Amino acid sequence: MSLHVISVLVLSSCSSDRTTTIAPPITTATTTSAAPAPQRVARLGAAVSAERLAPAEPDAELVARHFDSVTPENAMKWSTTRPSATTWNWVGADAIVEFAERSGLDVRGHTLVWGQPSGNGMPAWLKETLNPADFTAAVLDGIDTQVTRYRGRVQRWDVVNEPFEALSGELQKNAFFERMGPDYIEQALRAARAADPDAELWINENATEYLPAKADALVELVRGLKGRGVPLDGVGLQTHLFLDAPLPAGAIADLIGGLRELGVDVALTEVDVPGGSANRDPTAQQALWKQVADECVAAGCVELTTWGVTDASTWLDSPTVRAGIPFLESFTVPTRPLLFDESGQAKPAFDIIEEALTRR
Ligand code: 9MR
């Protein structure tokens, strides 16, 4: 282990009043002959699809080479894995997990409980399971089956996705809330912990960087869960950004800090930065990537995952998504929201992220 890494470990394991007497100066490492490659202080992840990770596809090499973690964009959602109440489809999920194992990457399992009516997280048969006892049994069985299948192979799960209303700090009265009760989040987390005691369990939420009331509500939800001893290891902030909605400076760092004080890890789990509708100068996009990555690292996030790999395949350019999100309707050009361009070349934003993630 290099002197540089050791000194960082020493620094991070000491209380602040003792570091000055124990830690060797970090600059010592730079005087040795073989300078170590910079180590990332947080994982860099990407949302992926099994199809685009096939051997001849460009994403395979890019992901294996540049990323530390993968999140199945859709392959582990129940709309994919549970085509009927009694059948399972593991084709895409298995392929992604096998790819990650071959490539030495972590897997963030996404997602088990997602009740947004528009979110495609629930298969039709589950939506139609109206009896509360049947519904609860189907949900808990689904968590058990999926988490058990990947025990030891999926390091962390987004157990509950988007529990809040889109634009407020109200818990969404979705099918899980209505049929399992207000404690459905707790039930889901406990079922996941029983299925794999070693996997990290996360909840994942969107738009908290733009909506202070929603950020506060998320902190209170986590405070309550931790206070009741519910197994919860991390909170994901999706961070789908928009150039036309100014991101308040410090919003991300403050929320990460507030959550970490409650004893959970925090990650940015779905970052993308669509370009302006007028195909504006990409420096605005790059500045936003830098703001986000700098705040994430400064506040001690453990991961920054981008929602896709290259600009060739982003959910933001799909016609149905464009039709459903008002500001995207005005786009006459591709959104180009990711770190690699359509041909797989690293964009300046990739260097910005890499620099932020490897800074000491
Ligand atoms: O990017 C995903 C898109 O391909 C799917 O059609 C959609 C519905 O399943 O989900 C998208 O991913 C979402 C993620 O799972 C949760 N947060 C919002 C993401 C973008 O909609």
Side-chain angles (χ1 to χ4, degrees), residues 71-94 108-151 154 156-197 199-206 214 217-218 220-222 224-226 228-236 238 269 324:
T71 303
E73 184 170 354
N74 292 309
M76 284 188 176
K77 289 172 182 166
W78 285 352
S79 47
T80 304
T81 61
R82 306 183 75 181
S84 80
T86 53
T87 54
W88 295 86
N89 165 25
W90 305 115
V91 176
D94 279 358
R108 171 180 289 277
H110 175 92
T111 179
L112 299 166
V113 170
W114 184 14
Q116 292 274 9
S118 60
N120 197 25
M122 291 173 73
W125 63 266
L126 186 59
K127 285 184 190 162
E128 289 153 14
T129 304
L130 301 179
N131 176 283
D134 293 344
F135 184 91
T136 303
V139 170
L140 298 182
D141 174 63
I143 293 170
D144 180 56
T145 301
Q146 191 154 331
V147 175
T148 299
R149 179 178 183 85
Y150 296 110
R151 189 189 289 158
V154 166
R156 51 198 64 84
W157 285 97
D158 291 337
V159 178
V160 179
N161 190 45
E162 298 170 11
F164 289 99
E165 290 288 355
L167 296 177
S168 83
E170 290 292 310
L171 273 188
Q172 189 177 63
K173 309 297 182 294
N174 58 35
F176 295 90
F177 185 101
E178 297 291 356
R179 294 174 213 168
M180 295 173 70
D183 70 340
Y184 81 91
I185 297 172
E186 173 170 348
Q187 293 183 55
L189 288 164
R190 291 194 189 282
R193 178 52 47 91
D196 185 351
E200 295 170 20
L201 307 180
W202 290 62
I203 56 177
N204 195 43
E205 190 48 87
N206 64 20
K214 191 168 179 180
L218 178 61
E220 290 316 308
L221 173 68
V222 172
L225 291 169
K226 296 298 282 184
R228 293 196 301 281
V230 177
L232 176 69
D233 303 297
V235 177
Q238 294 184 6
T269 49

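Because the structure is a prediction, the values reported are computed rather than measured. All residue numbers in this chain count up from 1 along the given sequence.
Distance check: Arg108 CZ to Asp158 CG gives 5.0 Å after rounding to the nearest 0.5 Å. Note: Trp114 CH2 to Met122 CE = 12.0 Å, rounded to the nearest 0.5 Å. Here the CG atom belonging to Leu167 is positioned 8.5 Å from the CG atom belonging to Asn206, to the nearest 0.5 angstrom. We find the CZ-CD1 distance between Arg193 and Ile143 to be 13.0 Å, quoted to the nearest 0.5 Å. Atoms CG and CD, from Leu221 and Glu186 in turn, are 10.5 Å apart once rounded to the nearest 0.5 Å. Here the straight-line distance linking atom CH2 of Trp157 with atom CG of Asp233 works out to 14.5 Å at 0.5 Å rounding.
For Asp144, the side chain to side chain donor-acceptor pair (under 3.5 Å) test picks out Thr148, with sequence neighbours left out. Glu220 is linked by a salt bridge (Lys or Arg N to Asp or Glu O under 4.0 Å) to Arg223, counting only residues two or more places apart in sequence or in another chain. Contacts of Glu200 classified as side chain to side chain donor-acceptor pair (under 3.5 Å), with partners at least two apart in sequence or in another chain: Arg156, Trp202.
Annotation for Ala75 and Gly92: closest pair CB-C, 3.8 Å, computed over non-hydrogen atoms. Residues Ala188 and Val113 come closest through the heavy atom pair CB-CG2, 4.0 Å. Nearest heavy atoms, Leu201 versus Ala192: CD2-CB, 3.7 Å. Nearest heavy-atom pair across Ser79 and Pro123 is N-CD, 4.1 Å. Taking every heavy atom of both residues into account, Asn174 and Gly115 meet most closely at CB-O, 3.4 Å. Across all non-hydrogen atoms, the minimal contact from Gly169 to Ala217 is O-CB, 3.4 Å.
Between the side chain of Lys173 and the backbone N or O of Glu178 there is no donor-acceptor pair closer than 3.5 Å. Side-chain atoms of Lys214 come within 3.5 Å of backbone atoms of Glu165 as a donor-acceptor pair (strictly under, hydrogens ignored). Using a distance-only test at 3.5 Å, with no hydrogens or angles considered, a donor-acceptor pair links the side chain of Arg179 to the main chain of Thr129.
Contact of the Thr111 side chain with the Asn204 side chain is not registered, since no non-hydrogen atoms from C-beta on lie closer than 4.5 Å. Between Thr86 and Trp125 the shortest side-chain heavy-atom distance does not fall below 4.5 Å. Within the 4.5 Å cutoff, no side-chain heavy atoms of Glu205 are placed close to those of Val235. The shortest side-chain heavy-atom distance between Leu130 and Phe135 does not fall under the 4.5 Å cut-off. A heavy-atom distance below 4.5 Å is found between the side chains of Asn161 and Gln238. Side-chain contact between Asp141 and Arg82 is present, with heavy atoms from C-beta onward closer than 4.5 Å. Thr145 places none of its side-chain heavy atoms less than 4.5 Å from the side chain of Thr81.
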Go through it in stages, so that I can follow the logic: the residues are Val160 and Tyr184, the test is side chain to side chain contact (heavy atoms under 4.5 Å, CB included), and I'd like the CA-CA distance, side-chain angles, deciding distance and then a yes or no. CA-CA 9 Å; Val160 179; Tyr184 81 91; 4.2 Å; yes

Checking side chain to side chain contact (heavy atoms under 4.5 Å, CB included) for the pair Ile203/Phe164: CA distance, chi angles, key distance, verdict? CA-CA 11 Å; Ile203 56 177; Phe164 289 99; over 6 Å; no

List the steps, then state whether side chain to side chain contact (heavy atoms under 4.5 Å, CB included) holds for Val230 with Ile185. CA-CA 9 Å; Val230 177; Ile185 297 172; over 6 Å; no

Between Met76 and Val154, does the side chain to side chain contact (heavy atoms under 4.5 Å, CB included) criterion hold? Intermediate values first, please. CA-CA 11 Å; Met76 284 188 176; Val154 166; 4.0 Å; yes

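Ion pair Asp183/Arg190 not flagged as a salt bridge, since none of the NZ, NE, NH1 or NH2 atoms sits closer than 4.0 Å to an Asp/Glu carboxylate oxygen.
Using a 3.5 Å distance cut-off with no hydrogens or angles, the side chains of Gln116 and Gln172 do pair a donor with an acceptor. Side chains of Gln146 and Trp88: a donor-acceptor N/O pair is absent below 3.5 angstrom, by distance only.
Between Tyr150 and Trp90, the two ring planes are perpendicular [angle over 60°; tilted spans 30° to 60°].
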